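In this text the structure is predicted, and so the values were computed from the model without any measurement.
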Amino acid sequence: MTMHEPLYGLGTDPSFWGADLTNNVPEADDHIHNPDPRRDRKNDQGGTIFTARGIANLGCLAVLATTLLTLFAGFPIITYFLDHPLSTLDGYNLGGINETGQVPSMNGNWALIDKDTPQDVYTKTAYTDSTEMQLVFSDEFNVDGRTFYPGDDPFWEA
């Protein structure tokens, strides 16, 4: 006897339960566990997948495959053909340069090179070799009343 027997009522050894556990004694539920080819022949005739359950399984697989194919292949292809390209507002570059190379003149100082930058600093000779470098951006910060609030200045924001 173990310490769990008073709690559960039966011992842990099945031989104490009063059942004959030898291999040659049939039990009442052996027909459930032991197959009998003569008895089970009428149920084991084979089958087909073309039943309502088989068709439903194939339909679910088809819906799943179509969904995944549309998500990972169809959606990128559809968006590629339906998206409109970025407009350059009838110019050739994002800045709107026309075919003659002219850049539109806008009121204010909206250019990359400040209008107050002296002409003699537009080019400079490199320190390491004799190549000539071209100025691409300058801001002189010398306009009275200039503010740097969001949207006031095209390049700086405070």
Side-chain angles (χ1 to χ4, degrees), residues 1-114 126-129 131-139 146-158:
M1 302 284 283
T2 65
M3 65 177 201
H4 297 293
E5 287 180 22
L7 183 65
Y8 295 109
L10 292 175
T12 55
D13 186 5
S15 61
F16 292 136
W17 302 349
D20 188 8
L21 299 177
T22 59
N23 288 334
N24 297 332
V25 177
E27 295 179 354
D29 62 350
D30 277 350
H31 69 281
I32 297 173
H33 307 292
N34 299 332
D36 182 8
R38 276 182 272 164
R39 181 193 69 214
D40 298 334
R41 186 173 313 231
K42 64 179 179 177
N43 294 329
D44 293 338
Q45 297 298 321
T48 178
I49 64 165
F50 297 109
T51 61
R53 182 177 177 182
I55 301 279
N57 287 341
L58 290 176
C60 287
L61 286 175
V63 167
L64 182 65
T66 304
T67 302
L68 289 174
L69 188 66
T70 303
L71 178 66
F72 292 111
F75 182 69
I77 292 170
I78 290 167
T79 54
Y80 175 78
F81 286 110
L82 293 182
D83 278 351
H84 300 292
L86 293 175
S87 172
T88 57
L89 302 173
D90 295 330
Y92 291 108
N93 291 324
L94 290 176
I97 298 173
N98 63 17
E99 63 187 8
T100 62
Q102 298 169 333
V103 178
S105 177
M106 294 181 277
N107 294 333
N109 195 7
W110 294 83
L112 288 175
I113 298 175
D114 195 332
Y127 293 116
T128 57
D129 55 7
T131 59
E132 191 170 285
M133 298 183 294
Q134 197 173 22
L135 181 66
V136 292
F137 181 80
S138 73
D139 196 338
R146 182 174 173 190
T147 61
F148 298 100
Y149 294 109
D152 285 353
D153 191 85
F155 303 110
W156 307 105
E157 183 174 311

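Residue D129 qualifies as enclosed at atom CG: its count of foreign heavy atoms under 6.0 Å is above 12. Within a 6.0 Å sphere centred on CZ of F148, heavy atoms belonging to other residues, nucleotides or ligands number more than 12. Within 6.0 Å of CD on E157 lie more than 12 heavy atoms contributed by other residues, nucleotides or ligands. The environment of F137 atom CZ is dense: over 12 non-hydrogen atoms of other residues, nucleotides or ligands sit within 6.0 angstrom.
Nearest heavy-atom pair across L135 and I113 is O-CD1, 3.4 Å. Across all their heavy atoms, L112 and V136 have their closest contact at CB-O, 3.5 Å.
With rounding to the nearest 0.5 angstrom, the OG1 atom of T67 is 11.0 Å from the CZ atom of F72. One finds the CG atom of L61 at 10.5 Å from the OG1 atom of T66 (value rounded to the nearest 0.5 Å).
Between I55 and F50, the closest side-chain pair of non-hydrogen atoms falls below 4.5 Å.
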